[in-house]
Amino acid sequence: MLRFWTMGVAVGALTVSAAAEAQVSNAIDTVVPIAFDRGRNESVLERARPETNPVGYKVGGFTLLPTLDTQVGYTDNVYQTTSNQTDDAFLRVAPRLFARSDWSRHSLQLTGGGDFYRYAEATPRNQNGWSIGSLGRFDATSDVALTLGLDTARRFESQFSGAALVNVRSVTPYQQSQARFMADARFARVRVVGSLDYAKYNFMPVRTLTGFLISQDNRDREVARGAVQMEYGLTPDTGLFGQVTYTGTSYDQQLAPNVANRDSREIRVLTGVSLDLTALLRGSVGIGYIDRRFTAPIYQNVSGLSFDSKLEYFPTALTTVTFNAFRDIQDSTFGGSGFFNTGAGLRFDHELLRNLLLNYNISYAENEFVGVPGKARVKQVGGGASYLASRLLTGRLDLGYSRRSSDNVGLNGPALSEFRALAGVSIHP
């Protein structure tokens, strides 16, 4: 699952903090979203603030919403190394453009943006990230909708991930391209969703700290998935769901000469409950079983407990507490066939003033590698503030600390830590 486990700070209602660059991440996101929002609650970040929310520009049947994020930052471990840590200052610039249709029926969204980092001294860590995408929905009837999405992005992989290479001079770049189709039908209390998607991953070469160039072609892969999900509404605010997902992974090259790569087939079954209780709680909890079988007999098959949950608690109208937990299987670059990626996190968002939002985050993730001894653990804590000065300007402060420990550095990946701080503004004319 490409689920970036957010440790940094959201600025405004939609922006994820750049302080979270070093975070636990998955490669693919949930194939079918679980519809737990029934319009009975509103989080701190969702709340409309007409006096400071951007209005955008009307162009034909679309509204255009441009944004420019500019931040200066500091890191105490720019190369994310175990020893001989080096600090550095950097500049982050992230322009974005979001266009949405204003039609009464059907919808179309277009997005594009960049995410650029420039370091004062550690120039090999500079990043030129970008993304473009589109999402269209065709409303066949009032109860049946068809959705098609296409996107491609240049992303960068943190060394806090259980799948990343270690001791590299640059942040690991990769190209991710996806196509998705989803059919959503509702019949009284029953909702049935079918989904198909295809993703292509292309990992770029990187240099080690000693200057040696490493090819990552053996990590390039294609992932095809299909899922069916059924939900049944017990009451207007509570429902049961079941989800079955099939995933096929095919690598482009061998792992090494005469060594087969980790082509696999995976089945995941989840069942659980979704709810939206007025002024109290909303979210979903799913639990089930996951089984991944590898084509090559040299790799040990992996199976076991799997879960996926998100709960939002509303103690007051000014505070939102969010809990996330997940357990899935990822491919490893350190040894063995893969690892169980298990994590949980807690986030607090508080509206101190109408235009001053505060947050605090803490998370823990554990990578349990199959076929090799030991585990890796990632602990993260972060916080920050967003000052909504006007419809044009938002001030931002993001702080984050991450620490990765490893039982066996040679087999479970590195042990390292990093503190990051960023401050700046978002301009949204």
Item to check | Shortest non-hydrogen contact from Leu399 toward Ala421 | outcome: CD2-CB, 3.6 Å
Item to check | Approximate separation, where rounding is to 0.5 Å, of Arg189 CZ and Glu231 CD | outcome: 14.5 Å
Checklist entry - Quick check: does any side chain N or O of Arg125 sit under 3.5 Å from a backbone N or O of Tyr119, one acting as donor and the other as acceptor? => result no
Next on the checklist: Quick one, Asp151 and Thr111 - any side-chain contact, counting heavy atoms below 4.5 Å?
Outcome noted: no
Item to check | Salt-bridge contact Arg221-Asp252 (side-chain N to carboxylate O under 4.0 Å) | outcome: no
Item to check | Over 12 non-hydrogen atoms of neighbours within 6.0 angstrom of CZ in Phe116 | outcome: yes
Checklist entry - Taking all atoms of both residues into account, what is the closest heavy-atom pair of Gln71 and Asp398, and its distance? => result NE2-OD2, 3.0 Å
Checklist entry - Does a donor on one side chain and an acceptor on the other come within less than 3.5 Å for Asp102 and Thr63? => result yes
Checklist entry - With Glu351, which residues qualify under side-chain hydrogen bond (donor to acceptor under 3.5 Å, both in side chains), at least two apart? => result Arg47, Arg49
Checklist outcome for this item: For Leu281 and Phe314 the tightest heavy-atom approach is N-CD1, 4.0 Å
Checklist outcome for this item: All heavy atoms of Ala260 vs all of Ala296, minimum pair found to be CB-CB, 3.6 Å
Item to check | Neighbour count >12 (heavy atoms, 6.0 Å) for atom CE, Met204 | outcome: yes
Next on the checklist: Looking only at the side chains, is there a donor atom on one of Asn359 and Asn361 sitting less than 3.5 Å from an acceptor on the other?
Outcome noted: yes
Next on the checklist: What I'd like to find out is whether the side chain of Asp139 reaches to under 4.5 Å of the side chain of Trp103, using heavy atoms alone.
Outcome noted: no
Checklist entry - Would you say the side-chain atoms of Arg118 pair up with the backbone N or O of Val93, donor to acceptor, closer than 3.5 Å? => result no
Next on the checklist: What verdict does the side chain to side chain donor-acceptor pair (under 3.5 Å) test give for Arg268 and Thr245, after you've listed the backbone C-alpha separation in whole Å, the side-chain angles of each residue and the deciding distance to 0.1 Å?
Outcome noted: CA-CA 5 Å; Arg268 188 190 197 199; Thr245 304; over 6 Å; no
Checklist entry - So, the side chain of Asp263 versus the backbone of Tyr251: is there a donor-acceptor pair under 3.5 Å, distance only? => result yes
Next on the checklist: Taking Arg420 first and then Glu418, would you say they form a salt bridge - that is, a charged N and a carboxylate O separated by under 4.0 Å?
Outcome noted: yes
Checklist entry - Side chains of Asp87 and Asn77: is there a donor and an acceptor less than 3.5 Å apart? => result no
Checklist outcome for this item: Separation between OG1 (Thr319) and NE2 (His350), nearest 0.5 Å, reads 4.5 Å
Item to check | Gly226 versus Leu196, closest heavy-atom pair with distance | outcome: CA-CD2, 3.9 Å
Checklist entry - Are Glu366 and Arg404 close enough for a salt bridge, meaning some N to O gap below 4.0 Å? => result no
Next on the checklist: Side chains of Arg282 and Asn41: any donor to acceptor distance under 3.5 Å?
Outcome noted: no
Next on the checklist: Determine whether Arg292 and Asp331 satisfy the following criterion, salt bridge (charged side-chain N to carboxylate O under 4.0 Å, His left out), listing intermediate values before the conclusion.
Outcome noted: CA-CA 10 Å; Arg292 178 177 292 192; Asp331 288 343; 2.6 Å; yes
Checklist entry - Does the side chain to side chain contact (heavy atoms under 4.5 Å, CB included) test come out yes or no for Tyr117 and Asn126, once each step is laid out? => result CA-CA 5 Å; Tyr117 286 78; Asn126 291 346; 5.6 Å; no
Item to check | Side-chain touch Val223/Thr247, heavy atoms, less than 4.5 angstrom | outcome: yes
Checklist entry - Are any non-hydrogen side-chain atoms of Thr322 and Lys310 less than 4.5 angstrom apart? => result yes
Next on the checklist: Whether the Ser303 and Tyr289 side chains hold a donor-acceptor pair (N or O, under 3.5 Å, no angle test) is what I'd like checked.
Outcome noted: yes
Next on the checklist: Working note: Thr152 + Trp130, criterion side chain to side chain contact (heavy atoms under 4.5 Å, CB included); need CA distance, chi angles, decisive distance, verdict.
Outcome noted: CA-CA 9 Å; Thr152 186; Trp130 57 268; 3.8 Å; yes
Checklist entry - Any Lys/Arg nitrogen of Asp197 or Arg225 sitting under 4.0 Å from an Asp/Glu carboxylate oxygen of the other? => result yes
Checklist entry - Relative to each other, are the rings of His106 and Phe138 parallel, tilted or perpendicular (30° and 60° limits)? => result parallel
Next on the checklist: Surrounding NZ of Lys200 (heavy atoms of other residues, nucleotides or ligands, distance under 6.0 Å), is the total greater than 12?
Outcome noted: yes
Item to check | Evaluation steps, side chain to side chain contact (heavy atoms under 4.5 Å, CB included), between Leu209 and Val168 | outcome: CA-CA 5 Å; Leu209 294 175; Val168 292; over 6 Å; no
Checklist entry - Looking at Glu157 and Arg219, does any basic side-chain N land under 4.0 Å from a carboxylate oxygen? => result yes
Next on the checklist: Between the side chains of Asp291 and Arg293, is the shortest nitrogen-to-carboxylate-oxygen separation below 4.0 Å, so that they form an ion pair?
Outcome noted: yes
Next on the checklist: Which heavy atom of Ser134 sits nearest to which heavy atom of Leu110, and what is that distance?
Outcome noted: CB-CD2, 3.6 Å
Next on the checklist: In this structure, is the centre-to-centre distance between the rings of Phe419 and Tyr401 below 6.0 Å?
Outcome noted: no
Next on the checklist: Is it the case that the side chains of Tyr174 and Asn202 hold a donor-acceptor pair, with the cut-off being a distance below 3.5 Å and no angle test?
Outcome noted: no
Item to check | Ionic contact status for Asp69 with Arg96, cut-off 4.0 Å | outcome: yes
Checklist entry - Between Arg155 (side chain) and Gln176 (backbone), is there a donor-acceptor pair under 3.5 Å? => result no
Checklist entry - Can Gln380 and Ser402 be said to form a side chain to side chain donor-acceptor pair (under 3.5 Å), step by step? => result CA-CA 4 Å; Gln380 298 175 310; Ser402 302; 3.1 Å; yes
Item to check | Polar contact flag, side-chain donor to acceptor under 3.5 angstrom, Ser43-Glu312 | outcome: no
Checklist entry - Going by heavy atoms in the side chains, are Leu65 and Arg100 under 4.5 Å from each other? => result yes
Item to check | pair Asn324-Phe326: side-chain heavy atoms closer than 4.5 Å | outcome: no
Checklist entry - So do Phe340 and Arg327 actually touch side chain to side chain, heavy atoms under 4.5 Å? => result yes
Checklist entry - Hey, mind stepping through Ser417 and Gln85 against side chain to side chain contact (heavy atoms under 4.5 Å, CB included) and telling me if it holds? => result CA-CA 9 Å; Ser417 65; Gln85 297 182 4; 3.9 Å; yes
Next on the checklist: With a 3.5 Å distance limit and no angle check, can you tell me whether Arg265 reaches the backbone of Phe294 through a side-chain donor-acceptor pair?
Outcome noted: no
Item to check | Any side-chain donor near an acceptor of the partner, Ser386 and Arg396, under 3.5 Å | outcome: no
Checklist entry - Is the count of non-hydrogen atoms from other residues, nucleotides or ligands lying under 6.0 Å from Arg377 atom CZ greater than 12? => result yes
Checklist entry - Are the side chain of Tyr387 and the backbone of Val425 linked by a donor-acceptor contact shorter than 3.5 Å? => result no
Checklist entry - Ignoring hydrogens and geometry, is there a side-chain-to-backbone donor-acceptor pair from Asp143 to Phe187 under 3.5 Å? => result no
Next on the checklist: Do Val206 and Gln216 make a side-chain contact, defined as non-hydrogen atoms from C-beta onward lying under 4.5 Å apart?
Outcome noted: yes
Item to check | No-hydrogen, no-angle side-chain donor-acceptor test under 3.5 Å, Thr67 and His428 | outcome: no
Checklist entry - For the side chain of Ser309 and the backbone of Val285, is there at least one donor-acceptor N/O pair under 3.5 Å apart? => result no
